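Below: the structure, in structure tokens.
Lettering follows sequence order; numbering is per chain, from 1. This one's a predicted model, so the numbers in the text were calculated from it and none came from an experiment.
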Protein chains: 2
Amino acid sequence: MVSAAPERRHELLATAAEVFAAQGYNATTVRRIADAAGILAGSLYYHFDSKESMLDEILTGFLDELWGRYDAVLAAGLGPRETIEALVTESFREIDRHRAAVAIYQKESRQLREQPRFGYLDDSQQRFERAWLRTLERGVAAGVFRADLDVRLTYRFVRDTVWVAASWYRPGGQHSPEEIARQYLSMVLEGVALRTRHERRDTNPVTRTP
Amino acid sequence: MVSAAPERRHELLATAAEVFAAQGYNATTVRRIADAAGILAGSLYYHFDSKESMLDEILTGFLDELWGRYDAVLAAGLGPRETIEALVTESFREIDRHRAAVAIYQKESRQLREQPRFGYLDDSQQRFERAWLRTLERGVAAGVFRADLDVRLTYRFVRDTVWVAASWYRPGGQHSPEEIARQYLSMVLEGVALRTRHERRDTNPVTRTP
DNA sequence: TAACCTACCAAACACTTGTTAGGGAAGGAG
DNA sequence: CTCCTTCCCTAACAAGTGTTTGGTAGGTTA
């Protein structure tokens, strides 16, 4: 294993992520990854010291980038509705960029979480939950979101609707990430039922808690 | 392997489903299943002829029951909105009853679909998609659902939001399946954004295509 | 030229995997 | 009692698993 020459590492990680996402982590053999990369299984161990560390590197790379964008949104001081819109849009952009990593995270994180090595998945999920819950509660208090819904249920609802998209989304499809985000947000916020009369909606909260 | 005495089979399938759901199918060893059942690995092969056939039986059992309920709903001649509501409610009831099987289906069906043995997963998914798409289009034509949304995107949206609930739902929690279905439907249909003024909504479509 | 580094191969290692074969204990049926 | 069925155990098998070790072709540096 070597630390320099990060380009080849990156290539191999990309193909590994692709195979992991398609077959599942446990069902993927290192020989299968090596095949996809055009080398032999043992050669992978020149670059990485275990199959698990490949997975680790894929997930941390994804989460680091995601949190970079999330933190920027959360620090921007937007209103609740705008924060949700920005978070969802960033999420779909992340699915567009790191589809394989997102699919792996979606599929394996629940089991990996129990291993100490992947404890950061738990931390990330809790930060994630706090950020969303706080935003939703802020929106309820400001009168932007409905108060008659279980906030935690709403959180899971919004979170899941966003991330499961990684299971069917294919980059280069007919809809851009931004367009998908727009339609998803429209469904989540306004609902799929038709309004009897089109209604004005102000983006500024009616009341504001300081 | 024996065909009679279906009670023990059923017990073993239930524990197998639980382990499959928790660890993933490929990551689950037959020894792990046997441990959970309190017997040894080889003894499982008195009841079943392979690990794969256990999975098969779990999934077909789940799908058969699900389609029994779905067909009843689809044959009831309900309006589009009521059909969606009934389908979603039945889905959450199914998650309540067969949580493990649903979780397995959710996690493994995409990979299993490619094997000929599990081709029925494809058929089921296509029936599923047709039923939902038809109902949504019927609703759009009747003026019950919004016409400005991509119907296929809406379908995936509704489908995913329902079934991913299997990944966090635990029977005996504080919300009943019906209550979760009610809140989910409220979010999907009306949206999480607050209406500026509460609006009357008639359950009967404004216009009706015969 | 000589020494060195990078990226790989070839071959094996210890271990786990799903599965099978043969046997045996318990209990009901005749 | 004997026979038979049910349900499980013991012990092993072959194939596949992640990983290691030693070697080597080709380029770069001195």
Side-chain angles (χ1 to χ4, degrees), chain A residues 1-60 104 107-108 111-112 114-118, chain B residues 1-60 104 107-108 111-112 114-118:
Chain A
M1 187 198 63
V2 74
S3 55
E7 42 182 89
R8 184 58 173 149
R9 276 179 84 84
H10 200 69
E11 274 182 37
L12 292 174
L13 279 180
T15 70
E18 222 57 54
V19 183
F20 283 155
Q23 322 250 347
Y25 172 72
N26 285 289
T28 300
T29 70
V30 293
R31 286 167 233 270
R32 184 84 181 68
I33 300 175
D35 273 4
I39 59 178
L40 289 190
S43 306
L44 284 173
Y45 289 81
Y46 169 74
H47 300 276
F48 311 96
D49 44 39
S50 73
K51 178 189 173 188
E52 197 179 75
S53 76
M54 295 188 219
L55 177 63
D56 197 346
E57 206 160 324
I58 291 169
L59 291 177
T60 52
I104 296 169
K107 215 183 288 183
E108 317 282 354
Q111 318 167 30
L112 293 174
E114 291 157 19
Q115 290 178 249
R117 172 169 196 172
F118 293 95
Chain B
M1 188 199 62
V2 76
S3 55
E7 41 183 87
R8 183 59 172 147
R9 276 179 84 84
H10 200 70
E11 275 181 37
L12 292 174
L13 279 180
T15 69
E18 220 58 53
V19 183
F20 283 155
Q23 322 249 347
Y25 173 70
N26 285 290
T28 299
T29 71
V30 293
R31 286 165 233 270
R32 183 85 181 67
I33 300 175
D35 274 4
I39 61 178
L40 288 189
S43 306
L44 284 173
Y45 289 82
Y46 170 73
H47 299 276
F48 312 96
D49 45 39
S50 71
K51 177 188 173 188
E52 198 179 73
S53 76
M54 296 190 218
L55 177 62
D56 198 346
E57 206 159 324
I58 290 170
L59 291 177
T60 52
I104 296 168
K107 215 184 287 183
E108 318 281 354
Q111 315 168 33
L112 294 174
E114 292 158 19
Q115 289 179 249
R117 172 170 196 171
F118 293 95

Using a 4.0 Å heavy-atom cut-off, does B:L40 contact any base of the nucleic acid, only the sugar-phosphate backbone, or nothing at all?
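Here B:L40 touches the bases of the nucleic acid.
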
Could you check whether A:T28 gets within reach of a base, just the sugar-phosphate, or nothing at all, counting any heavy atom under 4.0 Å?
sugar-phosphate

Whichever of A:K51 and B:L12 has the more 5' nearest nucleotide on DNA chain D, that residue is B:L12

What's the [atom1]-[atom2] distance between [X] and [N], to the nearest Å?
| X | N | atom1 | atom2 | answer |
| --- | --- | --- | --- | --- |
| B:M54 | C:dT19 | CE | P | 8 Å |
| B:I39 | D:dT10 | CD1 | P | 12 Å |
| A:L44 | D:dT17 | CG | P | 14 Å |
| A:R8 | C:dT6 | CZ | C1' | 12 Å |
| A:Y46 | D:dT19 | OH | P | 18 Å |
| A:E11 | C:dA7 | CD | C1' | 12 Å |
| A:L55 | D:dT19 | CG | P | 12 Å |
| B:F48 | C:dT20 | CZ | C1' | 17 Å |

Starting the side chain at C-beta, find the nucleotide from [options] nearest to [X].
| X | options | result |
| --- | --- | --- |
| A:T29 | C:dT19, D:dC7, D:dG18 | D:dG18 |
| A:Y45 | C:dC8, D:dT19, D:dC9 | D:dT19 |
| B:S43 | C:dC8, D:dC8, C:dG18 | D:dC8 |

Between A:K107 and A:Q111, which heavy-atom pair has the shortest distance, and what is it?
O-NE2, 4.0 Å

Quick one, which residues of residues 30-38 of chain A touch DNA chain D with a heavy atom under 4.0 Å?
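Result for residues 30-38 of chain A: A:V30, A:R31, sorted by number.
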
Close residues, residues 13-23 of chain B, relative to DNA chain D [heavy-atom separation under 4.0 Å]
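Heavy-atom cutoff 4.0 Å gives no residues at all.
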
Residues in salt bridge (Lys or Arg N to Asp or Glu O under 4.0 Å) with B:E108, at least two apart?
none

Would you give the length of the straight line joining atom OG1 of B:T60 to atom CZ of B:F118, rounded to the nearest 0.5 angstrom?
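One gets 9.0 Å once the value is rounded to the nearest 0.5 Å.
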
To the closest 0.5 Å, what do you measure between CD1 (B:I33) and CG (B:L44)?
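That separation rounds to 6.5 Å.
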
Pairing string, 5' to 3', for DNA chain C - Watson-Crick or wobble contacts under 3.5 Å, brackets [ ] where pairs cross, | to another strand
||||||||||||||||||||||||||||||

What side-chain donor-acceptor pairs closer than 3.5 Å can you find for residues 13-31 of chain A, not counting sequence neighbours?
| from | atom 1 | to | atom 2 | distance (Å) |
| --- | --- | --- | --- | --- |
| A:T15 | OG1 | A:L12 | O | 2.9 |
| A:E18 | OE2 | A:R99 | NH1 | 3.4 |
| A:E18 | OE2 | A:R99 | NH2 | 2.8 |
| A:Y25 | OH | A:E52 | N | 3.4 |
| A:T28 | OG1 | A:G24 | O | 2.6 |
| A:T29 | OG1 | A:R32 | N | 3.0 |

Report yes if a side-chain nitrogen or oxygen of B:H47 is closer than 4.0 Å to either non-bridging phosphate oxygen (OP1 or OP2) of D:dT6; otherwise report no.
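False: B:H47 side-chain N/O out of range (4.0 Å or more) of D:dT6 OP1/OP2.
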
The criterion is side chain to side chain contact (heavy atoms under 4.5 Å, CB included); which residues satisfy it with A:S53, sequence neighbours excluded?
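A:F48, A:D49, A:S50, A:R117.
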
